[in-house]
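Structure first, then comments.
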Amino acid sequence: MAPGEKLDPLPDTFILQPPVFQPVVPYVTTIFGGLRAGKMVMLQGEVPLDARRFQVDFQCGCSLQPRPDIAIHFNPRFHTTRPHVICNTLHNELWQAEARWPRLALQRGASFFILFLFGNEEMKVSVNGQHFLHYRYRLPLSRVDTLGIFGDILVKAIGFLNINPFQLKSPRLEVPCSRPLPRGLWPGQVIVVRGLVLPEPKDFTLSLLDEAAHVLVTLRASFTDRTLAWVSSWGRKKLISAPFLFYPQRFFEVLLLCQEGGLKLALNGQGLGATSLGQQALERLRELRVSGGVQLYCVHY
């Protein structure tokens, strides 16, 4: 991407809010575009050994006075004789009836990965890959625009997704992964690749091949020198001038938006420029191939 180059934004439906790493708790942030059915929030962290309780609140605003409505209050409690989770809703500064889950799937001193998946009528929560609870909405989901995290919790990462790429019952995709492109690519098409970077990755590649199985272009991420580059069919490498946004043991989303004359790239919601590829070459594409040190959950186009 040339210095000063201005790029057209990707369509809103494909924008992923950038992840947040190592935030200081208490932490409050805006949810870009608010919440709606299909969105997901991912929380990765650790419970301190002396933790008493923490809470994750999906709020309707962030005012101090009056206190904002809290559509969903997720509150694990460790200090009682029987650790449990409370979910509730705050409306007009009054708490409603508590919903309680007695079997706490979190432990003091242990790392965790929590997924909050928002459906049409309820929120589902999984902890470390296992379904844990569901909570029916008491306020309209469309009112939620703020995430608040409070209490005894060490947060390593927060991720925001516009659609659910990780169906809890779906198997992971094998890597290397190959997908056919029977009609090539056309302006307006979007390739979506989502997954998890392995603990000790070496590289990640996304290649597009023609009908003769020749690689026309490759997107390559090198974890050794932390570079991201386009590699042409004749091996010429063009470095992408942008922060390296792949992190070990972190989720990622790659978007390739096909447009006239090439492909526009976004990684974790950040536009990273485009690569040139003629329309005839785009129409000749017949295969998408993904390989490297990742676990794949979704390859969609």
Side-chain angles (χ1 to χ4, degrees), residues 17 19-20 22-48 50-108 112-128 130-162 164:
Q17 182 169 344
V20 179
Q22 308 290 345
V24 176
V25 176
Y27 179 76
V28 178
T29 188
T30 298
I31 300 172
F32 293 1
L35 283 185
R36 61 177 179 272
K39 272 201 171 184
M40 174 179 280
V41 174
M42 306 183 293
L43 182 63
Q44 187 172 9
E46 183 176 324
V47 180
D50 59 351
R52 291 178 59 82
R53 56 190 287 172
F54 72 84
Q55 64 193 64
V56 179
D57 292 339
F58 295 94
Q59 305 175 183
C60 308
C62 57
S63 63
L64 297 178
Q65 290 293 334
R67 189 176 182 184
D69 285 347
I70 300 175
I72 301 168
H73 169 77
F74 177 82
N75 178 207
R77 301 178 181 181
F78 304 91
H79 63 286
T80 62
T81 55
R82 295 183 178 180
H84 58 279
V85 170
I86 293 292
C87 284
N88 207 342
T89 295
L90 182 73
H91 183 46
N92 292 333
E93 299 191 87
L94 295 174
W95 288 108
Q96 300 185 11
E98 290 184 346
R100 181 184 297 245
W101 283 265
R103 292 182 294 110
L104 184 56
L106 300 163
Q107 295 182 353
R108 286 172 168 168
F112 63 79
F113 185 79
I114 303 175
L115 303 179
F116 299 92
L117 173 61
F118 300 93
N120 291 317
E121 298 180 351
E122 64 180 10
M123 173 193 71
K124 295 180 180 179
V125 179
S126 74
V127 177
N128 298 330
Q130 300 295 318
H131 175 74
F132 179 52
L133 63 82
H134 59 273
Y135 181 72
R136 193 171 183 85
Y137 306 137
R138 301 174 184 177
L139 292 176
L141 186 64
S142 59
R143 292 189 54 204
V144 177
D145 58 10
T146 302
L147 169 68
I149 302 175
F150 311 90
D152 304 322
I153 180 176
L154 300 174
V155 179
K156 297 179 180 178
I158 306 169
F160 304 87
L161 295 174
N162 277 345
N164 173 22

Can [X] and [Y] be counted as having a side-chain donor-acceptor contact under 3.5 angstrom?
X: Tyr137; Y: Thr89; answer: no
X: Gln55; Y: Asp57; answer: yes
X: His73; Y: Asn88; answer: no

Can you name the side-chain contact (heavy atoms from CB on, under 4.5 Å) partners of Pro26, sequence neighbours left out?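 Result, side-chain contact (heavy atoms from CB on, under 4.5 Å) vs Pro26: Phe150.
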
Does some side-chain heavy atom of [Y] sit less than 4.5 Å from a side-chain heavy atom of [X]?
X: Val125; Y: Leu115; value: no
X: Leu43; Y: Ile149; value: yes
X: Trp101; Y: Cys87; value: yes
X: Leu139; Y: His91; value: yes
X: Trp95; Y: Ile86; value: no
X: Ile72; Y: Leu35; value: no

Backbone of [Y] reached by a side-chain donor or acceptor of [X] within 3.5 Å:
X: Gln59; Y: Gly61; answer: yes
X: Arg77; Y: Pro83; answer: no
X: His84; Y: Pro102; answer: no

Pair Phe78-Leu104, side-chain contact (heavy atoms from CB on, under 4.5 Å): steps then yes or no: CA-CA 8 Å; Phe78 304 91; Leu104 184 56; 3.4 Å; yes

Checking Val47 against Gln107 for the side-chain contact (heavy atoms from CB on, under 4.5 Å) test, could you report, in this order, the C-alpha distance in whole Å, the side-chain angles of both residues, the deciding distance, and whether it holds? CA-CA 7 Å; Val47 180; Gln107 295 182 353; over 6 Å; no

Considering all heavy atoms of both residues, which atom of [X] and which atom of [Y] are nearest to each other, and what is their separation?
X: Val144; Y: Ala71; answer: CG2-CB, 3.5 Å
X: Leu133; Y: His131; answer: O-CE1, 3.3 Å
X: Val25; Y: Gly151; answer: CG1-O, 3.7 Å
X: Met123; Y: Phe116; answer: SD-CD2, 3.7 Å
X: Val28; Y: Cys62; answer: CG1-CB, 4.3 Å
X: Ala37; Y: Asn120; answer: CB-OD1, 3.1 Å

Roughly how far, to the nearest 0.5 Å, is the [atom2] atom of [Y] from the [atom1] atom of [X]?
X: Leu141; Y: Lys39; atom1: CG; atom2: NZ; value: 9.5 Å
X: Leu117; Y: Glu122; atom1: CG; atom2: CD; value: 9.5 Å
X: Phe112; Y: Lys156; atom1: CZ; atom2: NZ; value: 9.0 Å
X: Arg67; Y: Leu94; atom1: CZ; atom2: CG; value: 10.5 Å

Please assess Phe118 against Phe58 for the test ring-ring contact (aromatic ring centres under 6.0 Å, His included), listing each intermediate value before the final yes or no. CA-CA 11 Å; Phe118 300 93; Phe58 295 94; 5.0 Å; yes

Step by step, work out the side-chain contact (heavy atoms from CB on, under 4.5 Å) result for Met42 and Ile158. CA-CA 6 Å; Met42 306 183 293; Ile158 306 169; over 6 Å; no

Which is it for Arg53 and Asp152 under the salt bridge (charged side-chain N to carboxylate O under 4.0 Å, His left out) test, yes or no, and what are the steps along the way? CA-CA 6 Å; Arg53 56 190 287 172; Asp152 304 322; over 6 Å; no

Centroid-centroid under 6.0 Å between Phe74 and Tyr135 rings: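 Not under 6.0 Å, so no.
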
Taking only residues two or more places apart in sequence or in another chain, which ones pass salt bridge (Lys or Arg N to Asp or Glu O under 4.0 Å) with Arg138?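 Applying salt bridge (Lys or Arg N to Asp or Glu O under 4.0 Å) to Arg138 gives none.
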
Intermediate values then yes/no, side-chain contact (heavy atoms from CB on, under 4.5 Å), Val56 and Leu147: CA-CA 7 Å; Val56 179; Leu147 169 68; 3.6 Å; yes

Should we say atom CD of Gln96 is surrounded by more than 12 heavy atoms from elsewhere, each under 6.0 Å from it?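 Count over threshold, so yes.
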
Thinking salt bridges, do Arg143 and Asp69 make one under a 4.0 Å N-O criterion?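 Yes, this pair counts.
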
